[in-house]
Protein chains: 4
Amino acid sequence: MRDRAIPSNGPSRAAASGEVSPGGTRRRAERLEPAQRRRVILDAALAVFAESGFAAARMQDVAARAGIAKGTLYLHFEDKAALFEGLVRDAVDPVLGTMERELAAYTGSTRDFLTLLFRHLAQEAVHSPRRHIIRLMLGEGERFPALADFYYREVVARGLDLLRAINARALQRGEITSDAGLRFPQLLVAPLLVAAVWEGLFRRTEPLDVSAMLDAHAEVVLRGLGWREP
Amino acid sequence: MRDRAIPSNGPSRAAASGEVSPGGTRRRAERLEPAQRRRVILDAALAVFAESGFAAARMQDVAARAGIAKGTLYLHFEDKAALFEGLVRDAVDPVLGTMERELAAYTGSTRDFLTLLFRHLAQEAVHSPRRHIIRLMLGEGERFPALADFYYREVVARGLDLLRAINARALQRGEITSDAGLRFPQLLVAPLLVAAVWEGLFRRTEPLDVSAMLDAHAEVVLRGLGWREP
Amino acid sequence: MRDRAIPSNGPSRAAASGEVSPGGTRRRAERLEPAQRRRVILDAALAVFAESGFAAARMQDVAARAGIAKGTLYLHFEDKAALFEGLVRDAVDPVLGTMERELAAYTGSTRDFLTLLFRHLAQEAVHSPRRHIIRLMLGEGERFPALADFYYREVVARGLDLLRAINARALQRGEITSDAGLRFPQLLVAPLLVAAVWEGLFRRTEPLDVSAMLDAHAEVVLRGLGWREP
Amino acid sequence: MRDRAIPSNGPSRAAASGEVSPGGTRRRAERLEPAQRRRVILDAALAVFAESGFAAARMQDVAARAGIAKGTLYLHFEDKAALFEGLVRDAVDPVLGTMERELAAYTGSTRDFLTLLFRHLAQEAVHSPRRHIIRLMLGEGERFPALADFYYREVVARGLDLLRAINARALQRGEITSDAGLRFPQLLVAPLLVAAVWEGLFRRTEPLDVSAMLDAHAEVVLRGLGWREP
DNA sequence: AATGAATGAGACTTCATTCAT
DNA sequence: AATGAATGAAGTCTCATTCAT
């Protein structure tokens, strides 16, 4: 067995009798708009890659979960790596764009905006189905440099830019005094990474109240940046 | 079909007799104490698993890097999963124990101790060869729940306890006023996780000055906790 | 270590494109109905297992003899053991059913019926391709208890029941006087086992005239059971 | 796994933790007379080969059961095949020699001698540790032609000769009238083969009263050969 | 477009055999 | 002589990918 140290709980393959009966009962899947079919496949792929990681994920399982035949996958994606890339690229989310636009329009206090942002990002990093993307990047990113680059550009850099903009405005408005968040915007989102990782690894052992932690973080970091009620 | 009444799958004569085949001159590795051999294997395994992740790592590569034959691996580890577990378990480090003892003996300011701690942990998480362990846990941990548990107990829980102790003492001494770090010690180490991940994924795209970031973090978080020079 | 981010282990281009490599011209086998393919595989498996026994048989050889690739075997049988079981189960033959029906319809003398039965069984045990099944069961049966059970139920028990019925009828008709064959029907077929084994082991050293032996057996055993011409 | 369809109940190899600790506690075995050591090894080998057949038997298990190290085996036997051959050759038993001598000296009735012979052979074929040799020959004989020859010469031919001698004398004495046993002495021992096989395969499913069967056989076959109380 | 049987490279693991101690 | 760590060929089984239908 290749690597089934922890057996996946996907569809079991072993007929009890040891005889394998090929030719399942699946009917020919109905023709779908390519874009819709792509959507279905990517959703299935996210689930399977999230459960197994890249190398251990089986194309067969992706196909099964998408309700199509193995061969059909290859009509939409060149190969497994392309599917993985497609998955990550596709999951890059409108959240950032939304927040960028909201920031531009926002007139309220930075404290409130930050609270809003954390809530959005926690949603994204801890509860959305896309939360798995983060773990996948952590685990496989080093072996997909092009993908890490892409992810950096599309997600990380934009996110950090957004945070810098927030900091810059807060400084300019006199809400905070420290430029630490301008120099290292990572400090503002670091707890989100902790939350994402924790949910993946230690949730069962020791649950974490993510919201409370993020509230505490907001409080600490704002005070730490020299927050002064405007 | 060739006669297989007397199969011979022992070491090939050519290899055994010391002939040199072009491109592969490996001799029989010298006999080693089991503990030493184990050490050699684990070092090799760390390198290979770090580079490839669990599923994509090849036992063959581990063996080659350890300078031994494939079969020898299995004299020391039941299978690939056991090797991986052995790797993680073995890498649990004295750093925490050291810091725990140092904290007990430390009489200086919490600020200084925190600075010291960050420097130690950054060393561990960003520069030590064991830094890969963190990424491996991030990537594979969900598929090795027993290992995640172990890692939680031996590393995470102890680390968080240490941080709680630091916070409690600082509060008691009147150095800080907020109990946020007592409730969520994760906030103190979150940037270390960021650093570890960044080095793995984005180092090439956008280097990060980890020391400077950690200094900024210390400054922000201490102020955020209500730091007052004692 | 070579880059394995995008491993390729699909069919090699050379093979897929129909190039001919010297010494191995195998083309992709034509698609077959699962039942037909199964038949082909089992025939090949019988040959290979018969030649080598279970442990020494190679799946590769079964595949080659079936004219398919290794992997195809596993589309039809879970593993090697399942293939072996399928082989034995499948070989359970209509001979017994036929004889059971013939006995019910037979009105001639028991002597004649027994002669007929021996001829049939000798065919089965010494000349049919299924003769190997017997030796396989002898050699491997102890390591496949479920299979031994199955074989007992489907072949041995039914065969002995048939022999008991023959004995009972002969007694009732007054053709014989001894109930030894009723109590130990095994005695009637024991020479068939000898024949099967002899052909496998000593044929080359010392050929055995199976027909003559069975004729002698019929003569001796009938007289021994108290045969009296009806 | 090579073929562990039915796991041997030999010493388990899997440490629960997955870590393998080489360097057992076995002390260096005391020096033994080569002949004695050979004896110990062959006894161990019989047990292991009987349980697993040739291909699936492990030299390691033989060594362990003999209480010696793997390497030591090779001081006494060239290789695995030689060990197997040694096993079979060595197990050729004095029973035949004894019976040959007893026949020469025997003055009683053939019926009594036959009863005695059956009892001896049943002991050999069903209860002695050497009973496994028969199954081994059945299972592996075809792949060890030299061994099958040897076995034929040393056991089968001699046994059949003995039976022919018995028949010849009985005919000459007028105890029987048929020469069927002279032409096919196999008929006399066929039930022993059945007994040996039955014990190996069907004992658990359906026990067989071997003694009673052999008594019935003696009765039937003697009567069948035209037995007349002398 | 969709299917899924067929393919075969390759990974893990086993174990007969060797040989330095 | 005895040992057992070391070796590596070989075997089973997996699964990404292809292609005839």
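All values below were derived from every heavy atom in this structure, side-chain atoms included, with hydrogens, water molecules and symmetry-related copies excluded.
Using a 4.0 Å cut-off between charged nitrogen and carboxylate oxygen, D/Asp61 and D/Arg65 do not count as a salt-bridge pair.
An OP1 or OP2 oxygen of E/dT3 is reached within less than 4.0 angstrom by a side-chain nitrogen or oxygen of A/Thr72. Distances shorter than 4.0 Å separate some side-chain N or O of C/Arg37 from OP1 or OP2 on E/dA6. Distances shown here put a side-chain N or O of D/His76 below 4.0 Å from the OP1 or OP2 atom of F/dA2.
You'll find that the side chain of B/Leu75 is closest to F/dT7, out of E/dT13, F/dT7, E/dA6. If you check E/dG8, F/dG11, E/dG4 against the side chain of C/Arg58, the one that comes closest is F/dG11.
In this structure, CD of C/Glu30 is placed 12 Å from C1' of E/dA6, rounded to the nearest angstrom. Atom pair B/Met59:CE and F/dG8:P shows a separation of 16 Å (rounding to whole Å applied). In this structure, B/Leu73 atom CG and F/dT7 atom C1' are separated by 12 Å, rounded to whole Å. Distance CD1 (C/Ile68) to P (E/dA6): 7 Å, rounded to an integer number of Å. Going from atom CG of D/Asp61 over to atom C1' of E/dA16 covers 13 Å, rounded to whole Å. Summarising the geometry, the separation between CZ on B/Phe54 and C1' on E/dA11 is reported as 12 Å, rounded to the nearest angstrom. The separation between D/Arg38 atom CZ and F/dA1 atom P is 15 Å, rounded to whole Å. Distance CZ (B/Phe77) to P (E/dC12): 15 Å, rounded to an integer number of Å.
In this entry F/dT12 has E/dA11 as its Watson-Crick or G-U wobble partner, both defining distances falling under 3.5 Å. Checking E/dT21 for Watson-Crick or G-U wobble geometry (two distances, each under 3.5 Å) identifies F/dA2 as its partner.
Across all strands shown, A/Lys80 has heavy atoms under 4.0 Å from sugar-phosphate atoms exclusively, and none from any base. At the heavy-atom level, C/Leu32 lies under 4.0 Å from the strands shown only through sugar-phosphate atoms.
Toward the 5′ end of DNA chain F lies the nearest nucleotide of D/Gly71, the other residue of the pair C/Lys70 and D/Gly71 mapping further downstream. Comparing C/Arg31 and B/Asp79 by the nucleotide of DNA chain E that holds the closest heavy atom to each, the one mapping nearer the 5' end is C/Arg31. With the nearest nucleotide of DNA chain E identified for both B/Gln60 and D/Tyr74, B/Gln60 has the one nearer the 5' end.
D/Ile68 CD1 to D/His76 NE2: the interatomic distance, rounded to the nearest 0.5 Å, is 6.5 Å.
Scanning all heavy atoms of the two residues, the minimum distance from D/Asp90 to D/Arg38 falls at OD1-NH2, 3.7 Å.
Side-chain contact between B/Phe54 and B/Phe144 is present, with heavy atoms from C-beta onward closer than 4.5 Å.
Distance alone, capped at 3.5 Å, is enough to place a donor-acceptor pair between the B/Lys80 side chain and the B/Ala55 backbone.
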